[in-house]
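The sequence lines fix the lettering, A, B, ..., with proteins before strands; numbering per chain opens at 1.
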Amino acid sequence: MTTPEANARDAAPSDFIRDAIREDLANGRYDRVHTRFPPEPNAYLHIGHAKAVWIDYGIAREFGGLFNLRFDDTNPLKEEPEFVEAIIEDVRWLGADWGDRLYFASDYFEQMVEWAIQLIRQGQAYVCDLSPEEMRATRGTLTEPGTDSPYRNRSVDENLGLFARMRSGEFPDGSRTLRAKIDMASPNVVMRDPVMYRIRHAEHHRQGTKWCVYPSYDWAHGLEDSIEGVTHSLCTLEYEIHRPLYDWFLEQLGIYRPRQIEFARLSLTYTVMSKRRFVDLVDRGFVIGFDDPRLPTLAGLRRRGYTPEAIREFCERVGVGGRADTTIDMHMLEDCIREDLNQRSTRVMGVLNPLRVVLTNYPDGQTEEVDAINNPEDPSAGTRKIPFGKTLYIERDDFRKEPPPKFFRLAPGREVRLRYGYFITCQEVIEDESGEIVELRCTYDPATRGGDAPDGRKVKGTIHWVSAEHAIEVEVRLYDHLFAKPDPDEVDEGLDYTANLNPESLRVQAAYVEPSVAGAPAGARYQFERLAYFCVDPDSSPERLVFNRTVTLRDSWAKIEKAMGG
RNA sequence: UGCCCGAUAGCUCAAUUGGCAGAGCGGCUGACUCUGGAUCAGCAGGUUCCAGGUUCGAUCCCUGGUCGGGCAGCCA
């Protein structure tokens, strides 16, 4: 029994941000909801950004409002068009819809300058000639107030003139700034006469050389939100301390005022989540690039085989986070992709560590096809044919010469089912001089074709296999956590976080897979039954497919084995 | 020895603006099964950081501690 209330609750998630918005709507502060995702085009997006996108977009959608994608391109030194393309692709892939509202902060530069002039006229902004070093020296410390700039009390006319000359390019980089005149003694250092404009004779990726003064984040961001009619400007916790400044600018200008609300920044265990670290890992060769499947970038996750649905589900499970930053267990992300892939991925059989099996009573040279279900979770996915023959490969782990208790797979004298194939019984174990098992001689029961015994006989285990003659050889890239510790920063004195890199984070090897996967395009996803989910990597060629292991299946046998002290 | 924020089951979060502390994941147990997967059912009993205070009653209010995080870019 679900009550209407319960339904409503399920349909509309509740958290302190949504509660605040509902309140704003109820008391008339706003009569609509409009959010935005404002990335700076200076890096690839990671799953932390996905969380932000999904909060911004999700809230707009739930409240029947609008969502903008806006590039906060206010610093030409750090930004590149390559990133705007990549970010657009990532946000689209994630599934957020900004309609025709793709904006760039740089398109507002003219308006921002007009507002800056207004503030100068109101005596609330001034041109400061302090060097960066001097400014730092006069800002005070966290415990001591700063001191006023000697240029703080210039006349409006002088400021107007100087600012005009800053804009026309008369002064070198770093020589002057336009500052808001607020309070050098504020306990909130952000309010100590923050810089609004700095001089940068730099080429902007969209504005070219039109400008040589660029607005700072604090000055620009609220204006951008205001111009776009954003109602709720959602950002991460580190901006909380900037909120008074965000409000101050808008209030002094007397323009439309959005409301900034902060949510928790996302961290994940066993990985790192910052542009700086990504660059470092790439530069030092620990990963192959920003789309390395071991990185939590959206490009990396996509290549690894993650679906947008799984990432969204993850974001929803994580929620907005309380009022403190959160570190989420990587296993939760993995659980999300398993849940999604379980529903949708095509099953195939593939053997990672082959052990040859010869069916001694199977006719020489005979080949046949057995029917297999493509996806037990989705009958509409249909069936396919898998070739079967006298010589097969099974997983080495599926045979034990001396099976421990609860091991229900193949062992000497034991009968198991080859999935969709026949029951087979192990008659003989062939070993080489060193004692390594190189082949199994088994008999099959022709009456059990398809996997069912007419006499009602049961077997405890079902294992996967491929026909040695028909299987195709592929490359598999077996990924594991990038770091060996939940917190990569937990290192001994003198070592850096890379000391915690997991040496096993990538293992490349060959595997045999049933021929139905031949020709699969990059991005195609499969479940290799009983093993893991795999995704075709772009490195694949027509001659050789490359599969990335997205995530293993839950392995309850591993748990049993561990519990038995094995 | 500044300002701001936080501290609830292993983890991440809730708790109708004071009223018997709940969920998801993990974990454990069982059922079932042609993936030991999936699925399903059940279980979990946490001094709600500590010490005071207000109150009939505090996770939620006040005071003081402790611990953690953020802030001193002409980064965002």
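A donor N or O paired with an acceptor N or O is not found under 3.5 Å between the base of B:G37 and the side-chain atoms of A:R338. You'll find a donor-acceptor pair under 3.5 Å spanning the side chain of A:Q527 and the base of B:U35, going by distance alone.
The partner of B:C71 is B:G2, judged by Watson-Crick or G-U wobble contacts that both fall below 3.5 Å. Under the Watson-Crick and G-U wobble criteria, each requiring two contacts below 3.5 Å, nucleotide B:C40 is paired to B:G30.
Considering only side-chain N and O atoms, A:R139 lies under 4.0 angstrom from the phosphate OP1 or OP2 of B:C74. Look at A:T74 and you'll find a side-chain N or O under 4.0 angstrom from OP1 or OP2 of B:A76. The shortest distance between the side-chain N/O atoms of A:R179 and the OP1/OP2 oxygens of B:C74 is not below 4.0 Å.
Going from the C1' atom of B:U33 to that of B:G27 covers 23 Å, rounded to whole Å. Taking the C1' atoms as reference points, B:A21 lies 14 Å from B:U16, given to the whole Å.
Across all strands shown, A:R347 has heavy atoms under 4.0 Å from base atoms, whether or not it also approaches the sugar-phosphate. Heavy atoms of A:N342 sit under 4.0 angstrom from at least one base atom.
Taking the six-membered ring for Trp, A:W465 and A:F388 have ring centres closer than 6.0 Å. Checked against a 6.0 Å centroid threshold, the rings of A:Y533 and A:Y526 do not count as neighbours.
Ring geometry for A:Y108 versus A:Y103: interplanar angle of 30 to 60°, hence tilted. Ring orientation note: the planes of A:H221 and A:Y246 are tilted relative to one another, at an angle of 30° to 60°.
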